[in-house]
Number of protein chains: 2
Amino acid sequence: MEIRKGPGLRALPSMTLLRELTDQIVLDTVFEQTPVTRAEIAQHTGISKTTVSESARRLEAAGLLLPAGEQRGRQGRVGTYYQVAPTAGYVVAVDLNPTRIRLCAADLFGHPFQQSALPPAQPREPARVAERLRELVADAVTEAGSDHGRLLAVAVSVANPVDPATSRVIPLADTPYPEGLIQPQETLADLVEAPILVENDVNLAAVAERWHGAARTTDSFAYVYIGAGMGMGLVVGDQLIRGARGVAGEIGYLSVSSQPAGPGLGRHGFARAVAGGFHPERGQDGGQDGDQVAVDVARQVFDRAARGEAEAQAVVEREGRTIGEAIAAVCAVIDPEVVLLGGPIGLHPALLEPVRAAVRDLAPLPPAIEVGTLGDTAVLHGALALALRRARTDLCARPGPASR
Amino acid sequence: MEIRKGPGLRALPSMTLLRELTDQIVLDTVFEQTPVTRAEIAQHTGISKTTVSESARRLEAAGLLLPAGEQRGRQGRVGTYYQVAPTAGYVVAVDLNPTRIRLCAADLFGHPFQQSALPPAQPREPARVAERLRELVADAVTEAGSDHGRLLAVAVSVANPVDPATSRVIPLADTPYPEGLIQPQETLADLVEAPILVENDVNLAAVAERWHGAARTTDSFAYVYIGAGMGMGLVVGDQLIRGARGVAGEIGYLSVSSQPAGPGLGRHGFARAVAGGFHPERGQDGGQDGDQVAVDVARQVFDRAARGEAEAQAVVEREGRTIGEAIAAVCAVIDPEVVLLGGPIGLHPALLEPVRAAVRDLAPLPPAIEVGTLGDTAVLHGALALALRRARTDLCARPGPASR
DNA sequence: TTAGTTAGGAAGGGGTCCTGACCAAAGATT
DNA sequence: AATCTTTGGTCAGGACCCCTTCCTAACTAA
C-alpha cells in the first residue's frame, strides 16, 4: 500500500540515493523473512553479496539490524542470521471515535506491545477530547520508554473526511461530533517528534483489510462500511484513493432507486434509503446518541427476519438490493476487483446474498463480493499499517539515532 | 500522467540506474525548455555541471541531443544550446472508431508531421478493419522513412474497454462493432518493433485534456463523455484509473432517478435515461447506424430549446439534471477536483448550467464543472500523449540506435 | 583596456556496486 | 579418519558515477 508522495520531492541521482535504495531493499527483505542471512538476502534480491554485506554493516551500525543466531544444519560455512533490532523504533496508532479512544503501540513488525483505551470525555467537548487524546499518547510514549527505540510515526483515525493536502480533519456540518472538531496534528504537535498521520476510519479499515484481511490478494478493491454511518475506502493499484478534497468514498450521497434524488431531498440518498429502510420513521437524522439505536434497530430487523417474519425478510431483501445498487454504482465508476462489506450492519450474513444478486444484476462486470474479516479492530489495524509503512520507509532515509 | 508500472519490475540499485536517471532528467529538461544550455540544465535540476555535461555528451553520442545554436547576449562565455534531435524517434497514434480510422505521426515533441485517415471498410467486417489498420500504419511507417529516426511507440484508441493486464480489447456484447473485435496488438505485431499501447478512447480523451486541455492544472479529474455512447475517463493523482478489468468509467450503468434500477431494467440506467430523454421511443438500442441519429436527435432538441420551445427546454433541463446526478455519483465515489464534459452532446452549452445546478444540489463537495476544450481531436491527442510518454521514458533505458 | 561574469572542461576525490578469488568451517563422502 | 564438496562471508581490484574545485576562454560592462 503506497501513500502517494508529492511529485515535488523528485529524487536527484546521487550516491546516497543508491545507498538508501539498497538499504531499504535489504531492510525490507529482513522484514519479510526473519531471520535471514546476508547470502539469502543477496540471492533473494539479486544484489551482490558484497553490497548486501556492506549494507547490513551500515544498518547494524545504525542500530536497525541485529545478529540473531546462526544458520546451521547445512553444508558450508555457518551463516549469521539477522533480524530487525527490537529497539529500532516503534509506532503508535490511535482510533479516535465517538464511542471511545483506543491506542495501540507496536514494534516495526506490527506486533503490539501496548494497548489502552479511554471512554469518551464527559461532557463531550472538543477541548476535553483533545486532552484525553494527549493524555493517552503521552502515557504510551512514557511507558514505551526507550525499550523499543524512538517513536517513528503516529497514525490517528478519525470518523471524518481528512483533507489530503493538509491532513486537517474536515468537520461535518450535519453530525458535529466533538471528535470531528479536533485537529490531531495540532493537538499532538508538541508531544511527539514523529510525523503524525491523520486518516479517515473507513479508509483505514480498507488498508487493514489489504494488509491482513480479506483483500490480501488484490490491489484494487472497495471496502463498504455500513453501520450507523456509512462510507467507503477505495484502494486502486495498491494506492488509497482519498479524493481531491478527502471526500472520496462518501457513498451516503449516492442516489438509489428507493430514494431517488430530487430537489432538496437528494442529499444522503443512499444513507437515507438504508436508514429509512430499517426504521421508516427516523431517516438519517438521529443525532449522536441515535447511532447505536440505528444499529440496534437493524439488528432487530435481522432477528425478526431470521425468525421467519415475512415483513422483516422483505426489509432485509430490500436493504440488500439498495446496498447492491450503491455497489453497482461504485463498480461502474472504478471497477474494483473485489468489494468487501464491513460494519455492524454490512457484515450481517443475511445481507450478503441479496447484495450479490443485486450487483450481479446491475453492475457492468460484477466483482467478487465478500465480507471483511477484521471486525471492529480493522480501523486500529489500518492505522497501525499506515504508521508502519511510513516508519519503515523513513528508517533508511534518516539513519537511526546511533549514527547521529 | 503516469501509467502505472507493474510492481514486479523493481529497479535494482546500480550505477546504470543512476546514469539512466540522470539522463532521463536531463532529457526531460531539454524537452521542457528548448533550447537550453548545459549550465541552465544544471541550475534547473540541481545536478552538478560536470554531471550534466557528461550526460549531455552521452545523449548526443546516442543521437538524442543536438547542438542548436549559441547563447549570446549575456556576459561571459558563449553557451551552446541543445535540443532534442529531430531524428531521435517518432510515435504513431491511431484512433480506431466506427466512423473512420485516423492516424497521426509525431516527433517526440508531439508535433505531428503526418496525418491520414481512412473511411470505414465496406463491408464492415473485423478482418477488413484489421487490414485497413495495417495498411494505414504501414504507410505511415514507410512514409516516415528514417527522417525522424525509428518508431518508438504506437498507441491505438478503441471504443471498447481494454483489459489493463493484457491490453486486449474487450468485445461489447450489446453493440458489437467490428472495430471492437480486432486486437491491435496482434494485428500490428509483425509490422512494428515498437511497443503497441491500446487504450479506451474516452480514457485517452481524458489524458489529452490533462496534457493540453482544460485539466492542465489539476491531477485529479473526471472526463465525462456524452455522445451516441457515453463513458468516463478518470485521472486520480495523475494516474489514469482503468479498473481491475478495464471497465472503470462505464457510467452508462449508473442508476439515476428518471430511470431507476429494477430487475432486468437496471442495466444502462443512466445511458437509457439520457437516450430516452431525448428520444423517448428509442432508448439505447439503436444499433450501429443509429448512433449518428441519436446525436442528431439531441441536436434538434437543443435547437428547439434555443428557439424557445418550452417542451424542448424542459427536456434539456431534465437531461442536464440526469447528467448531474451521474456526476454527483462519481463525486461521491472518487471526489475529483474537476469534472470535464465532453462529446457531441455533453459539450452543448445549454447543458452546462442545469448540470452544474444538479451537481451543486447533490454532490457532497461539488467540484468545478467545465467543458473539454479539445473537441473531437481529444482522442487522437490522448493517444499521442500516451505514446509520447512511453517513448520518452524508453529513450534513456535503451540507448538510441547510435550506441548499438 | 580592464574588470567582472559566465559556460564549459579538467583533475581529483569519494562512494557505490560488481566480479572473481579466496577463506574457513561444516556437512557429505569415501 | 581423511578427504571432498558446499557455502557464507570477506577481500582485492576495477568500473563507474557524481561532486567539488579549479581553470580557461570568451563575452559584456565600464
Side-chain angles (χ1 to χ4, degrees), chain A residues 10-26 29-30 33 35-62 65 67-83 396-397 399 403, chain B residues 10-26 29-30 33 35-62 65 67-83 396-397 399 403:
Chain A
R10 189 184 205 174
L12 282 183
S14 75
M15 289 299 156
T16 67
L17 176 75
L18 223 47
R19 189 189 53 220
E20 283 175 8
L21 188 58
T22 304
D23 288 354
Q24 184 74 60
I25 292 176
V26 168
T29 308
V30 180
Q33 339 177 353
V36 67
T37 68
R38 294 177 176 86
E40 287 167 351
I41 296 173
Q43 191 165 13
H44 183 259
T45 60
I47 301 175
S48 76
K49 278 195 300 178
T50 43
T51 303
V52 169
S53 256
E54 190 63 34
S55 172
R57 196 173 351 272
R58 273 194 301 267
L59 293 170
E60 191 179 347
L65 284 189
E70 299 184 334
Q71 178 199 44
R72 296 189 164 269
R74 64 167 70 179
Q75 257 176 324
R77 179 170 171 178
V78 176
T80 40
Y81 279 128
Y82 275 86
Q83 67 178 17
C396 294
S403 81
Chain B
R10 188 184 205 174
L12 282 184
S14 74
M15 289 298 152
T16 66
L17 176 75
L18 222 48
R19 189 190 52 218
E20 283 174 9
L21 189 58
T22 304
D23 288 355
Q24 184 74 60
I25 292 176
V26 169
T29 308
V30 180
Q33 337 176 356
V36 68
T37 68
R38 294 178 176 85
E40 286 167 351
I41 297 173
Q43 191 165 15
H44 184 259
T45 60
I47 301 175
S48 76
K49 277 195 302 177
T50 40
T51 302
V52 169
S53 258
E54 191 63 34
S55 173
R57 198 177 345 275
R58 273 194 301 267
L59 292 171
E60 190 179 348
L65 283 189
E70 299 185 333
Q71 179 198 44
R72 294 188 164 272
R74 65 166 67 180
Q75 261 178 323
R77 177 172 171 178
V78 177
T80 40
Y81 280 129
Y82 276 86
Q83 66 179 17
C396 294
S403 81

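Per chain, numbering begins at 1; letters A, B, ... match sequence-line order. Here the structure is a predicted model, which means the values were calculated and not measured.
With sequence neighbours excluded, the residues that form a side-chain hydrogen bond (donor to acceptor under 3.5 Å, both in side chains) with A:Q33 are A:H44. Listed by chain and residue number, nothing satisfies the salt bridge (charged side-chain N to carboxylate O under 4.0 Å, His left out) test with A:R74 (two or more places apart in sequence, or in another chain). Taking B:R19 as the reference, B:T16, B:D23, B:R58 meet the side-chain contact (heavy atoms from CB on, under 4.5 Å) condition, with sequence neighbours excluded. For B:E70, the salt bridge (charged side-chain N to carboxylate O under 4.0 Å, His left out) partners at least two apart in sequence or on another chain are B:R72. By the side-chain hydrogen bond (donor to acceptor under 3.5 Å, both in side chains) test, B:Q83 is found to be paired with no residue, residues two or more places apart in sequence or in another chain being considered. Legend: residues meeting side-chain contact (heavy atoms from CB on, under 4.5 Å) with A:T51, ordered by chain and number and at least two apart, are A:T22, A:I47, A:S48. Residues passing the side-chain contact (heavy atoms from CB on, under 4.5 Å) test with B:A39 are B:T37, sequence neighbours excluded. A search for side-chain contact (heavy atoms from CB on, under 4.5 Å) contacts involving B:T80 returns B:R38, B:Y82, not counting sequence neighbours.
The phosphate of C:dG8 (OP1 or OP2) has a side-chain N or O of B:R38 nearer than 4.0 angstrom.
When the P atom of C:dT5 is taken as reference, atom CD of B:Q43 falls 15 Å away, rounded to whole Å. In this structure, A:E70 places its CD atom 13 Å from C1' of C:dA24, rounding to the nearest Å.
Between chain B and DNA chain D, the heavy-atom contact criterion of under 4.0 Å yields a 5' to 3' nucleotide range of D:dC16 to D:dA29.
Using a 4.0 Å heavy-atom distance criterion, A:T22 is classed as a sugar-phosphate-only contact. Base contact: B:S48 has a heavy atom under 4.0 Å from a base atom.
Applying the salt bridge (Lys or Arg N to Asp or Glu O under 4.0 Å) test to pairs two or more places apart or on separate chains, those with a residue in residues 45-57 of chain B are B:E54-B:R57.
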Protein proximity profile, nucleotides 25-30 of chain C - base contact B, sugar-phosphate-only contact S, no contact -, cut-off 4.0 Å on heavy atoms: BBBS--

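Inter-residue side-chain proximity for A:P35 and A:Q71 is flagged as unmet; no heavy-atom pair is nearer than 4.5 Å.
Using a 4.0 Å cut-off on heavy atoms, the residues of residues 49-58 of chain A that approach DNA chain C are A:T50, A:T51, listed by number.
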